[in-house]
Amino acid sequence: MEFTSFSGAKRTVASDAARRADFDEIPIISLTASKEEILAKLTDACTRIGFFYVKDHGVPQEKVDRMFELAQNFFAQDLSKKNEINYKKSNILRGYEPPAEVRTDETRKPDLNEAFNWGYERSLDPLWSRTDDTEEWQDNPMSGPNAWPNFPDFKETISAYYADVLALARRMIRLFAEVLLLPPNFFDPLVSTPGAMGRMIHYPPQKPSDPNALGIGAHTDIECFTILCQGTVPALQILNVNGDWIEAPPIPGTFVVNIGDMLARWTNDRFISTVHRVWNITGQERYSIPFFFGVNYDATIKTLDSCLDEGQKSKYEPVLAGEYVWKRLSKSRLGPEEVSAAA
Ligand SMILES: O=C(O)CCC(=O)C(=O)O
Ligand SMILES: [Fe+2]
């Protein structure tokens, strides 16, 4: 079987069945280890696997727990209530996505999950909100206001979590800069108002007999990297280099971090953006909270010279971050006519 991701990359898939990851197949990196150890483990994980767990990350468990409680309560509402903020009412795809509408893997049925999506606002960013409470949207297809629901403590709960994960992401991108032998602050000016989107996702249990309808179809992530909080129900699977699906179960106190296509483009695939999917055959409701960290939407992603050998050309054309994210997200969420009308 061959699978083509939205980024155009082709991967071989040996079989639809998944197996448990062997020890060390998805490394666990402690962020309180020595810098030397962190950089060595990150280098290996980013260049060989594209996925790893982080522990000792500094985000308090209470903030995580409150997010999962919020997710359960929010998704328990009637569909009509949730649809008051349907993402099709937002011209930047923010708000509520009902089940079976988004087709992340174009070759299969739409995803079974329902989700709430929100994006960066200065009012959510401690770097800005202490000094400035005006929002200034950048001139690109992804910047703009969120679609917050009328639901108790919604924005407050999300703000508390998002601020900490945003700080963690800015810390991680400094580490990635060092892995790439760049100055640690290389990316800092590019993440002052970053394209940083959060999602709360609910995956209903599904029958194992229909692998064509998945919680979320096979895909690679779009942004630089993802910080995923998995909750307690295992269902995430990643495609290893041999074309085998391996399970990446939740580990208490950790986040899963995976490299996305922006960092793959930046590094000419020295950093690997790995295909993954969610297949929830546990019989339980599953909730997860990914955070997708990209650069400012007006930044250009052009392969770093240090990732090209002398005279080597990049596989990737330079792209404007906001346009790239819009193209990819709208492809799976809007019909082709709506995408060209909105372009
Ligand atoms: O829910 C998960 O475990 C993964 C979600 C995911 O891959 C995504 O939203 O891109
Ligand atoms: Fe993903």
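When a ligand or atom number is given, it counts from 1 through the structure's own listing order.
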* Mind checking whether Asp221 contacts ligand 1 via backbone (N, CA, C, O), side chain (CB onward), both or neither, at a 4.0 Å heavy-atom cut-off? => side chain
* To do: Find, among atoms of Asp221 that are N, O or S, the one nearest to the Fe ion (ligand 2), and state its name.
  => OD1
* salt_bridge(Glu121, Lys155) N-O dist < 4.0 Å -> yes
* Asked: Out of curiosity, Arg277 CZ to Gln237 CD, how far, rounded to the nearest 0.5 Å?
  -> 4.5 Å
* **Ion pair Asp111/Arg103, N-O distance below 4.0 Å** => no
* To do: Write down the atom of Asp105, the atom of Ala218, and the distance for their closest heavy-atom approach.
  => CB-O, 3.6 Å
* Structure fact -> Of Phe186, Tyr316, Phe187, the one forming a ring-ring contact (aromatic ring centres under 6.0 Å, His included) with Trp266 is Phe187
* **Distance-minimising heavy-atom pair for Ile259 and Ala264** => CG2-N, 4.5 Å
* **Cationic tip of Arg94 above Trp118 ring, under 6.0 Å, 45° of axis** => no
* Taking all non-hydrogen atoms of both residues, which atom of Lys82 and which atom of Tyr96 are closest, and how far apart? -> O-CB, 3.5 Å
* Only heavy atoms count here, so choose which of His202, Met197, Arg286, His219 is nearest to atom 3 (O) of ligand 1. => Arg286
* **ligand 1 N/O within reach of Ser288 N/O, cut-off under 3.5 Å** => yes
* Structure fact -> Ranked by distance from atom 5 (C) of ligand 1, the top protein heavy atom is Tyr203 OH, 3.4 Å
* Distance filter under 4.0 Å to Pro290 heavy atoms, resulting ligand 1 atoms -> 9 (O)
* Structure fact -> Counting from 1 in the order shown, the ligand 1 atoms closer than 4.0 Å to a non-hydrogen atom of Val278 are 1 (O), 2 (C), 3 (O), 4 (C)
* To do: Output the list of atoms in ligand 1 that are nearer than 4.0 Å to some heavy atom of Ile201, sorted by atom number.
  => 9 (O)
* Can you name the one residue among Tyr287, Phe75, Tyr87, Phe154 that meets ring-ring contact (aromatic ring centres under 6.0 Å, His included) with Phe116? -> Phe154
* Part of Thr226 within contact of ligand 1 (heavy atoms, under 4.0 Å) -> neither
* Structure fact -> Taking only non-hydrogen atoms of His276 and a 4.0 Å limit, the atoms of ligand 1 in range are 7 (O)
* Numbering as shown, the atoms of ligand 1 that approach Arg199 to under 4.0 Å (heavy-atom distance) -> 9 (O)
* Asked: Which of the N/O/S atoms in His276 sits closest to the Fe ion (ligand 2)?
  -> NE2
* Show which atoms of ligand 1 fall inside a sub-4.0 Å distance from at least one heavy-atom site of Phe292. => 8 (C), 9 (O), 10 (O)
